[in-house]
Amino acid sequence: MTPLRSRIIGLLHDAIKVLLYGHGQLPTNELSIELDIPKVPEHGDYATNIALSLTRHLKRKPLEIAREILKNLKDGNGLFQKVEIAGPGFINFFVNPHAWHATLVEILRDPGAYGRQDIGRGRKVQVEFVSANPTGPLHIGHGRGAATGDVIANILQACGFDVQREYYINDAGNQMDTLGRSLYYRYLQILGQPVEFPDNHYQGQYMLDLARDLHKEVGSRYQDISLDEVLDLFTRFAGDRILAEIREDLHAFGVHFDAWFSERSLHEQNAIARTIEELKAAGHVYEHDGATWFRSTAFGDEKDRVVIRANGMSTYFAADLAYHRNKFERGFHTLVDIWGADHHGYVERMLAGVQALGRERSDLRIILVQLVNLLRGGVPVAMSTRAGEFVTLKEVVDEVGRDAARFLFLTRRSDSPLDFDLEVAKMQSNDNPVYYVQYAHARLCSIFEVARERGIHLDLSSVESLTSLHRLTLPREVDLMKMLGEYPDVLANCSRSLEAHFIPYYLHELVSLFHSYYNQNRVLGDDPELTEARLCLAAAIREVIKNALELLGVTAPERM
RNA sequence: GCGCCUGUAGCUCAGUUGGAUAGAGCAACGGACUUCUAAUCCGUAGGUCCAAGGGUCGAAUCCUUGCAGGCGCGCCA
């Protein structure tokens, strides 16, 4: 939390404690004090509704409570210009202008550390995301999931969690067999054999390319061998190649994983059977109609789920149970799963599984990322995975650029569907918020470039002792410092809610204040003291923009 | 039929533990470049927060019902 904010909250705490002791109610530690920045300046720099929210507990009128809090409130070394009660019982704080300098000092002392905090206290968290089946290239929807997972991981890291990023490879099950068969048929077609290609197989262009590559490597060696004999080979060839491309596409998108976890490895280690045994021992599993069922209804799911089919094969869900058990065995305190929203029907059973495995429901947090509607100039682009007609992530990144794609993916709540218009995304104009933010950064860099040319040097090594900061008195300058001070709270909010979109919105707001300020005021002027002060402000803004863009995985260009 | 998500300005969307007069971008209209980058800024206009009830000192936010859209409902993955 920003120093100023925590100081005010601390003072409020003390003031309220007295009040509560007097009434013998509600332990202070259960009290969460909200301190907002009001919309209108008449309501002060900060405001709290605490008197209003205490009315129920204290059974007194809000105005009375506010008055009493105010009476108990310490001055805090001249922190406040004035504090007043307004409206139905809000307490409004007007802060002395010099108080804002602390934020600048904190930023400039160690720019990379600003916003970093220790909410996580080093607890291990795993973020699992993308996890697309290796049966085809990543499409734009995966891109949104990739950006979301990557940035949530960044945020958690910045907030003091020990984060691991993992990709779960669904390399087992019949879809992989289908993949192998698809390759086999394409291979035969290349060899001139009349093969009827089944509908429900993967028929995209990429399968033809793969078949050609395979043919190049092995020639016609397999043309007279039965499908059964070569299926495994074809499946592995296709799976490995597609996975390699997925890695490349993610790399180009700036997304990296610490671990790639193979579903097949669970089968090989017999982990699924062991998991089911464990659940059985705990009484969560029963036999019915020849199949083995997990009693997920005991934890709120709408029906029980099969884990071993009557034919003896385990289900995908059984593998997922084993997988999540494995994750917990690796010592993660919390698991974050990022799923496409089309899997929402799966959420309850997975949460049930986690509980049956002896963990808390809250130890698994599932983030659903809604679908992306791809448009070109307002017209929907037809997409069909089955027919292999879709725009890949790679194509989108190649066309609109990584920065624009990432920023647009992240500028929406993940649980809200996203219209992604290729024409808008690649427009280098005011339609495109990413350039608005980047432009501010480039402008700031340019100021320092000019300053250097003019021989103005800003020494930040002893920023604490700079006396020029008191020259920052314009309302817009105070607004900027106030906004810079909010950054750590924005990150904390992101880590609490596992939502990244606050950062783009914050950036936009900060940058908008700066652009406006820039147009009205000159940083480099005739007055050396004022110039020094404004350069400090400019430097702090630049650092926070850079810092935030870094979390988003978007570059901060020095020139545009 | 059941479940989950969504419904806020012409369009795309913020508004996260219920707070003061509901915001932003785009689009529309009118202005500002001999200055540190005009990819910018300033101004104007734009609203039944899907609807109806409920509860609260106070609701876009919580509860109930309805309407509309998306997605999902397999011993597939």
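Protein chains get the first letters and strands the later ones, always in sequence-line order, with residue 1 at the start of each.
A distance-only check finds no donor-acceptor pair linking the side chain of H43(A) to the backbone of P38(A) [under 3.5 Å].
Taking atom CD1 on I37(A) and atom P on A20(B), their separation rounds to 15 Å, with Å as the unit.
Remark: the H344(A) side chain and the C71(B) base include a donor-acceptor N/O pair separated by less than 3.5 Å.
By the 5.5 angstrom centroid cut-off and the 30-degree plane limit, H508(A) is classified as not stacked against the base of A24(B). Taking the 5.5 Å centre cut-off and the 30° plane limit, the aromatic side chain of Y316(A) is not classed as stacked on C76(B).
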Under-3.5 Å N/O pairs linking protein and nucleotides 57-60 of chain B:
from   : atom 1 : to     : atom 2 : distance (Å)
G58(B) : O6     : R56(A) : NH2    : 3.1

Report, one pair per line, the protein and nucleotides 29-35 of chain B atoms (nitrogen or oxygen only) whose separation is under 3.5 Å.
from   : atom 1 : to      : atom 2 : distance (Å)
U35(B) : O2'    : R522(A) : NH1    : 2.7

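When Watson-Crick and G-U wobble pairs are counted only if both distances are under 3.5 Å, A68(B) pairs with U6(B).
For Y168(A) and Y323(A), the gap between ring centers is short of 6.0 Å.
N92(A) comes within 4.0 angstrom of a base, heavy atoms only.
Annotation: side chain to side chain contact (heavy atoms under 4.5 Å, CB included) contacts of T178(A) (sequence neighbours excluded): R181(A), S182(A), H201(A), Y202(A).
The 12-atom threshold is not exceeded at CD of E509(A), counting heavy atoms of other residues, nucleotides or ligands nearer than 6.0 Å.
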